Amino acid sequence: MALDLSLLNPQQRKAVVQSEGPVLVLAGAGSGKTRVIAHRVVHLLEQGVAAGAVLAVTFTNKAAAEMKERIVRLAGGASDARRVTVSTFHAFGMRIVREQHQALGLPAKFAVLDAGDQAALVKRLLRDLKVDDKRFDVNRLLGILSRLRTGGAPGHSGDEYELCAAELLPKYQLGLRAMGAVDFDDLLLLPLALFGKDTALLQKYQGRYRYLLVDEYQDTNDAQLALLTQLAGLRRNLCVVGDDDQSIYGWRGAQVRQILKFEGKFPGCAQIFLEQNYRSSGNILAAANAVIARNPGRKPKSLWTDRGRGPRLRLVAAPSDEAEARYVMDEIIRVSYEEKISLREIAVLYRTNAQARPFEEALRLGGVRYRVVGGTSLFDRKEVRDLVAYLRAALNPRDEVALLRIVNVPARGIGDQTVARAQELARARKSTVWDVFAAAPAELSQAAERIADFVALMRKYGARLVGKGFSEAARDLVEEVGLFDEARRGAQSLAAQARKVEAVQSLLRQLIEYEQREEQRAAEDTEDSEPFAAGLSGYLARITLDSREADGDSWDAVTLMTLHGAKGLEWRCVFLCGMEEGLLPHSGRGFDDSGSEPRADGALDLEEERRLCYVGMTRARERLILTRAVERTKRGKRVPRTPSRFLEDIPAELLETIDLRGPLPAAPKEVQQAKARSFFASMNELLGEE
DNA sequence: ACCGGTTTTATTTTT
DNA sequence: TAAAACCGGT
């Protein structure tokens, strides 16, 4: 029953056993850091620490789920390990904001705005300021706004974006509060402010969480570090685990310097280096090391492995992006057929979501099961967002972003004029558009009757969506409002129509499922303080904080995802695709239709791109295939491409180079592939889908 | 206010 | 290329 520490190496053991005081663990890729965290938690429990006193923070919801699973398994299930809190920073913040919503002046069912909603709000504010919203890229403004609030890297002050954002900031925050809504940053900033003001409250939380662990520490921002510092208090039982070489969220305010800051905030903290890599074969590790070594100013690390060298890395040049995808498809079939690597052990990684398309097509054509993680999710679809906005507006009509989105969708005779007048009235009276609608529709001329109907509709469903049976109410709402017809409109092909309707239906299905699960959970008692509220508002908060689709990774399929999504994961076989200048390293708007040369302006964060490449390479355990296209379809046009500069850093002896522009592959290989393909076709038929 | 057709414009990564 | 923004007729 006792935790077996003998399977850990000395450094890992030290990181596990050093339970008290601040600890900084610098864990190279594949050095077993998840393992260390899990062991550390279970070790704490064995020392007699109550499970409820342990808080482990991860970067993604998926990582949190996996970590919890691992802890429970390691603890042997017998103990109360389930009560350990494992969550993302944002989910943790959500819990606090929810528990303290009254002190924060928020309604019980406050909304959480996602990036799209934030953009809508900023656009509205710009128009209020009579600023031409075409002059500014709203997303860039949002980035600056976020950095201003969370205190990330100081921007180049003085330029017009900084000035505009500075002017926007107070209005933005007032707007949020008037709507009774919060954004992602608020989930960190509101607790931070609350704790700063209310010492007794802070002490309560400090008493609740006495042991803190943070994974992916290199990707935290200043607000997160501040929150951690508050919680750690004088006890200072804070253990952070990170790797400066894997810091890939600089654009979100994370700083590599964060690791150094920890040493500053917690002088004399224990420092532990995990340098033995247990994941990748020697060749893969050597190549990845060669790439990352060229980054200046990193904490010197020398990752090593005692595993064999393994096969060489493969470097493939395909004539086009389609050919690249076809090659990957063929190779996946070959590898899974010949080397008996199952599809779930294979990943196709790329820099941008847009690259997924050709791979999806090729894999579908080849009959290979795949799963696209991230990217345009269900909740990025317009029709789904409309429905979500309906639900939100009905639940909380002060949620103006949601209300304005659907007030005239489908068209119901409440047009721009009416809405603009209502907004003006609202501003003059210091109330909200909803209040104007509800209180005095007569003042809004001919549309009065329409508005009254709309108000009645919202009230009706606002009542029905609150308690039990909300999923059924949502379905009725879709029917009554005619959202299916609305979805069908504006899609030219029948297939597109079907997809849209299907998307709406799938959200409704999810709602039903969610409600059933919640009832079940309520039946088996769980007094755990969930981060999320009960009912529909909890569901809505959950989906904006965790938009990954519910369908698990249970079935055997190849994984397609971005490099960012791949952090923390591993596969036996990894395809790292699009190894081209402009793509990896990515250069924002740096390359145009005419050429492939990235513009030599500072917009390209080469160091972070290099780390991204490193992260991708180190995901592979046994086989790593790097691919690039010589020519790529970009925005409908053929564009020539040049190889990524990162490829030059990999020693040639580690590489096996294949040029698909050369002579056709030998016949036997073709035969094998055909065989494999029919094998998969029959497998899929057996599994009974499509 | 609404609709349909035309033109423009965007293209990183995600909690 | 595809989706959003725009425009002008009804």
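Keep in mind the model is a prediction, meaning the values are calculated, not measured. Note on naming: letters A, B, ... go to the chains in the order of the sequence lines (proteins, then strands), and numbering restarts at 1 for each one.
Between A:Met561 atom CE and B:dT13 atom P the separation is 14 Å, expressed in whole Å. The OH-P distance, from A:Tyr614 to B:dT13, rounds to 24 Å in whole Å. Remark: P of B:dT12 and NE2 of A:His564 are 12 Å apart, rounded to the nearest angstrom. Across the protein-nucleic acid pair, A:Arg542 atom CZ and B:dT15 atom C1' stand 15 Å apart, rounded to whole Å.
When the options A:Glu631, A:Glu581, A:Glu580 are evaluated for a salt bridge (charged side-chain N to carboxylate O under 4.0 Å, His left out) with A:Arg641, the one that passes is A:Glu580.
A stacked arrangement is assigned to A:His586 and the six-membered base ring of B:dT12, with a centre-to-centre distance below 5.5 Å and an interplanar angle below 30°.
The ring of A:Phe59 has its center closer than 6.0 angstrom to the ring center of A:Tyr249.
Using a 4.0 Å heavy-atom distance criterion, A:Asn408 is classed as a sugar-phosphate-only contact. At the heavy-atom level, A:Arg611 lies nowhere under 4.0 Å from the strands shown. A:Asp185 comes within 4.0 angstrom of no nucleic acid atom, judged by non-hydrogen atoms across all strands. At a threshold of 4.0 angstrom between heavy atoms, the contacts of A:Phe89 with the nucleic acid are absent. Residue A:Glu608 is classed as having no contact, given no heavy-atom separation below 4.0 Å to the nucleic acid.
Taking the six-membered ring for Trp and thresholds of 30 and 60 degrees, A:Phe437 and A:Phe454 have ring planes more than 60 degrees apart, a perpendicular arrangement.
In this structure, the side chains of A:Leu569 and A:Met561 come closer than 4.5 Å at one or more pairs of heavy atoms.
For the segment residues 380-389 of chain A, the set of residues with a heavy atom within less than 4.0 Å of an atom of DNA chain B is empty.
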(request) Quick one: the dot-bracket string of DNA chain B, using Watson-Crick and G-U wobble pairs with both distances under 3.5 Å, [ ] for crossing pairs and | for bases paired to another strand. (result) ||||||||||.....
